[in-house]
Structure formats: C-alpha cells, structure tokens
A.B. asks: 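What follows is a structure written as structure tokens; I'll ask about it next.
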Amino acid sequence: MAKFFADAHEFLPILLQGVWLTIVVTVGSLILSTLLGMVWALMRVSRLRVLQRVSAGIVNGIRGIPIIVQLFYIYFVMPELGVTLTALQAAIIGLGIAYSAYQAENFRAGIEAIDKGQIEASESLGMGWALMMRRVILPQAVKIILPPYGNIMIMMLKDSSQASTITVAELTMKGQLVASSTFKYTSVLTMVALLYLIMSVPLILFVGWLERRMQQAK
Amino acid sequence: MIELTEVHKSFGSVEVLRGVSASIRRGEVVCIIGPSGSGKSTILRCINGLETYDGGTVTVDGVRVDRASADIKSIRTQISMVFQRFNLFPHRTALENVIEGPIYVKGVRREEAVPRAMELLSRVGLGGKANAYPLELSGGQMQRVAIARALAMQPKAILFDEPTSSLDPELVGEVLAVMRQLAEDGMTMVVVTHEIRFAQEVADRVLFLDHGTILEEGQARQVLTTPQHARTQEFLRRVLTPI
C-alpha cells in the first residue's frame with residue numbers, strides 16, 4: 001500500500017499530462033459530434049426525402065464501422081488524399097464523426113417523441129418548418145434528449161482512450177508507456193483506472209440528477 | 001368563403017371522403033355532425049391543409065388550399081383551428097401561447113401583441129391565468145386558452161374539431177358559452193361536434209356526414225328537429241336518447 005502511494009507520487013505528474021489530453025480529446029469530439037449530430041438529425045426529420053435518405057445512409061455507415069478503424073482511416077488514409085492532420089486533430093475529428101451518429105439518433109428520437117398535436121397546432125397557426133422546430137419542437141425535445149446526452153458524454157470520455165491507437169498521448173497511452181517502462185503495472189494501471197473514475201463519476205452523478213429532474217418536470 | 005367541391009380523400013385503401021361538397025359563407029356557423037369515422041375531422045383538416053386531398057377542390061376566398069403551395073401560410077393565418085386535445089404549447093404560459101402566432105408568424109410587435117392577448121384571455125374568462133402553464137389549468141381552461149390563441153390571429157373563420165369531446169362533462173358548458181358568444185359576435189365557424197343542443201341553438205346550418213358523404217344538410221333547427229333522411233333520424237335518436 002505504501003508502495004502504491006510512493007509510485008503514485010512519482011508518476012502522477014506524467015499521468016496528469018495524459019489527463020489533460022484526455023479532456024481535450026473528449027471536449028473537442030463532444031462539441032464536433034453534437035454539431036454534426038444535429039445536422040444529421042435535422043436532415044432526417046426534414047420534409048425532404050433526399051436529405052432524409054442521405055442522413056440515414058451517413059448515420060448507418062458510421063455506426064457500422066468500428067471507431068478504431070475510423071480513427072486509423074482519418075490518421076493514415078487522409079494524408080494519402082492530401083490532408084495531413086496531427087494525431088490530436090485526427091482523434092478529435094475521428095471521434096467526433098463516430099459519435100455524431102449516436103448523437104443524431106438521440107436528437108431524432110427526442111424530436112420524434114414530441115406529440116404530433118404540437119406540429120398540427122404550429123402548422124395551423126401558419127408556422128413554417130424552421131419556425132416550428134425552433135419555437136415549439138426543439139425546446140420540448142431538449143428535456144428528452146438531455147439524459148441520454150449525458151450518457152453519451154460518459155461514453156465519449158472512456159472512448160477517448162481509443163485515441164491512443166493513433167499515438168495521442170492521452171491518459172491510457174501515458175499509463176501504458178509508464179507501466180511498460182517501469183514494469184509497475186499494478187500501481188500505474190490502478191492509478192489510470194482511478195483517474196478515469198475521478199473524471200467519470202461526477203458525470204455519472206450529474207446524469208442521474210438530470211434524469212430525476214426531467215422526470216419531475218413531467 | 002370556404003368552398004368544398006366533390007372532395008375525395010383516402011387514407012391508404014380506406015376512402016374517407018367520397019365526394020363532399022359544401023359551402024360556408026362569411027358569418028355563418030355550420031355544425032358538422034355524424035358518427036365517428038364518417039370523415040368530419042378530415043373535412044376540417046382539408047380546409048386548412050393539415051391533410052391533403054385526392055380529388056375535388058377546396059378553396060378559401062377563391063384560393064385553392066394546397067398544403068405544398070406557398071399560399072398555405074396565408075390561408076392558415078386567416079383560418080384558425082381549435083383541437084379536441086387542445087394542443088397548447090406546454091412549455092409556454094397561457095399568455096405566451098396566445099402571443100406566439102401574432103409575434104412569430106404575423107410579425108406583430110410585442111408591445112401590441114401582449115395587451116391584445118390579455119384582452120382575449122379576459123374575454124374567455126381567463127384574465128387571471130395569463131402566467132399559468134397549461135399543466136396548471138383544467139381542460140376547460142386549456143380549451144379556452146386555445147380559443148384565445150385562435151382568436152389572436154384575427155382569423156376570418158375558426159374551425160373547431162370536437163372542441164368539447166375531451167372535456168369533463170362539467171367543463172363543457174364554459175367552452176360552449178365562449179363559442180356561443182363568438183357566434184353571436186359574427187365569427188364564421190365550422191364546428192365538428194356531438195353537442196346536438198349546441199348545434200340546435202347556435203348553428204345556422206347543420207351537415208350530417210355518414211361514411212364520407214353528406215347525407216343531409218339544411219337549416220340547423222330543421223335538420224335536427226325534423227330530419228328527413230332515415231339515417232339522420234336514427235343517428236339523432238341514438239345520440240339524444242342513448243338509453
């Protein structure tokens with residue numbers, strides 16, 4: 001036990017550098033996946049069949065390919081097409097795109113859950129589609145979308161570890177490097193796990209609180 | 001003002017409207033009665049383009065009602081609708097529900113829209129409930145807010161789709177009273193309803209719809225007290241004396 005704390009004291013600074021990149025990757029890909037997810041979702045619920053089909057195709061395509069493969073594609077294949085990215089950029093873009101599919105499905109489910117009567121009331125007042133989405137549907141859909149969105153955030157925090165496969169020195173990779181060079185696997189990996197828990201448990205508690213809040217609001 | 005000519009409408013393989021023709025003049029109150037599934041609500045929804053129709057024409061002041069055309073917005077701002085299940089915006093207060101159309105669809109300034117909305121809410125007896133959310137209101141109150149919301153668009157006509165069917169029996173009266181006052185003030189109204197007494201006392205004309213066709217129509221008093229068609233007679237007998 002005393003050994004653990006000694007090791008912790010020694011390796012924590014390095015692991016914290018990893019934590020920083022973990023946070024950067026998570027936040028960056030969260031923002032990108034949210035924006036893209038909204039685009040796919042709005043295309044899907046639009047009145048235009050072409051947009052619906054394109055969106056469905058993109059979302060299903062993304063969902064059908066493992067995240068690691070998508071990351072490899074962006075990091076290794078893009079340069080062959082003339083686009084060079086740093087590992088960090090590739091990680092944020094790759095995870096952002098990969099998770100945009102799940103975000104899109106969540107947004108779509110929230111929007112489609114809104115009572116059809118709301119659409120009828122909006123239309124009968126003369127509202128166009130965009131106005132109706134902005135003033136009536138989306139404000140109500142937010143309540144339904146938030147708890148699963150929180151869960152997606154937690155998943156993205158953990159999946160940021162996949163960035164290590166394309167050399168991003170986030171927490172998992174830092175842990176692997178330190179452990180394999182010191183052979184102190186038990187201490188180091190325990191620390192890595194604890195650090196992830198320290199980041200995710202508050203998020204988990206927050207999502208639980210959100211879910212209870214949304215239930216009360218009904 | 002509102003003209004339906006040989007309107008046909010099917011949902012899949014079920015033909016719901018089989019050649020419906022009707023004419024509603026400015027200032028008239030027309031009640032549409034008939035058994036469930038006869039197509040009564042569908043007629044209303046064809047008038048403001050909530051439904052498409054497959055044959056015939058529906059026009060409002062000479063303009064063809066076509067859900068896909070650019071004219072539909074103009075038609076919808078002139079013809080308001082009140083729904084069986086109210087369809088108020090739950091995330092907005094009563095006042096906000098009423099000003100939503102005028103401000104965001106018609107572009108009325110807030111300083112103008114709010115006092116008008118307050119006046120409408122008072123007119124339907126809900127001046128004190130302006131800041132209440134629909135969740136806090138009774139069914140009858142919600143429907144009266146819905147009527148105020150419809151009136152706020154300053155429509156030429158209001159379509160009522162079974163406005164009291166979802167209400168507790170005790171709350172029906174307060175909504176019918178508001179509707180009666182609207183009729184007396186000269187509003188053009190097309191009302192799908194099962195409230196035969198209301199139709200008798202307030203409507204100018206009554207249309208009896210059965211299986212997608214108008215079996216009988218005429219002056220309200222005449223159709224409801226001395227119906228000519230056997231099916232109308234049977235329907236009225238069943239509705240007025242259920243036991």
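Since we're looking at a predicted model, the values are computed, not measured. Just the heavy atoms: all of them, side chains too, but no hydrogens, waters or symmetry mates, feed the values below.
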A.B. asks: Does A/Arg53 CZ have over 12 foreign heavy atoms under 6.0 Å away?
C.D. replies: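 For A/Arg53, atom CZ is not crowded (no more than 12 foreign heavy atoms under 6.0 Å).
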A.B. asks: Under a 4.5 Å heavy-atom cut-off, does chain A meet the side chain of B/Tyr104, its backbone, both or neither?
C.D. replies: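 Answer is both: backbone and side chain atoms of B/Tyr104 are under 4.5 Å from chain A.
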A.B. asks: Please report the shortest heavy-atom distance between A/Leu125 and B/Met153, naming the atom on each side.
C.D. replies: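 Heavy atoms only, the tightest pair is O-CE, 3.2 Å.
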A.B. asks: Identify which of A/Arg47, A/Lys116, A/Met127, A/Arg135 forms the greatest number of heavy-atom pairs closer than 4.5 Å to chain B.
C.D. replies: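 The option with the most such pairs is A/Arg135.
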A.B. asks: A/Gly128, A/Ser124, A/Ser122, A/Pro139: which one forms the most heavy-atom pairs within less than 4.5 Å of chain B?
C.D. replies: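 Counting heavy-atom pairs under 4.5 Å, the top option is A/Ser124.
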A.B. asks: In terms of heavy-atom proximity below 4.5 Å to chain A, should B/Ile75 be classed as side chain, backbone, both, or neither?
C.D. replies: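 Contact with chain A is absent: no heavy atom of B/Ile75 under 4.5 Å.
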A.B. asks: Once you round to the nearest 0.5 Å, how far does CZ of B/Arg92 lie from CD of A/Gln140?
C.D. replies: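 It is 8.5 Å, given to the nearest 0.5 Å.
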A.B. asks: Only pairs at least two apart or in different chains count here, so list each side chain to side chain donor-acceptor pair (under 3.5 Å) that has a residue in residues 119-134 of chain B.
C.D. replies: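 Sorted result for residues 119-134 of chain B: empty, none.
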A.B. asks: If you count every heavy atom of other residues, nucleotides or ligands that lies below 6.0 Å from B/Arg116 atom CZ, does the total exceed 12?
C.D. replies: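 Atom CZ in B/Arg116 is crowded, with more than 12 foreign heavy atoms closer than 6.0 Å.
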A.B. asks: Report, in residue-number order, which members of residues 25-45 of chain B are under 4.5 Å from chain A by heavy-atom distance.
C.D. replies: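 Residues in range: B/Arg45.
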A.B. asks: Does atom CD of B/Glu111 have more than 12 heavy-atom neighbours, drawn from other residues, nucleotides or ligands, at distances under 6.0 Å?
C.D. replies: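 For B/Glu111, atom CD is crowded (more than 12 foreign heavy atoms under 6.0 Å).
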A.B. asks: Heavy-atom cut-off 4.5 Å, strictly under: side chain, backbone, both or neither for B/Ile72 against chain A?
C.D. replies: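 For B/Ile72, neither part sits under 4.5 Å from chain A.
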A.B. asks: Can any side-chain N or O of A/Gln118 pair as donor or acceptor with the backbone N or O of B/Leu88 at less than 3.5 Å?
C.D. replies: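 Answer holds: yes.
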A.B. asks: Kindly compute the distance separating CD1 (A/Ile114) from NE2 (B/His91), expressed to the nearest 0.5 Å.
C.D. replies: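 Answer for the CD1-NE2 pair, A/Ile114 versus B/His91, is 9.0 Å.
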A.B. asks: Under 6.0 Å from the CZ atom of B/Phe11, do we count more than 12 heavy atoms belonging to anything else shown?
C.D. replies: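 Yes, because the 6.0 Å sphere around CZ of B/Phe11 holds more than 12 heavy atoms from other groups.
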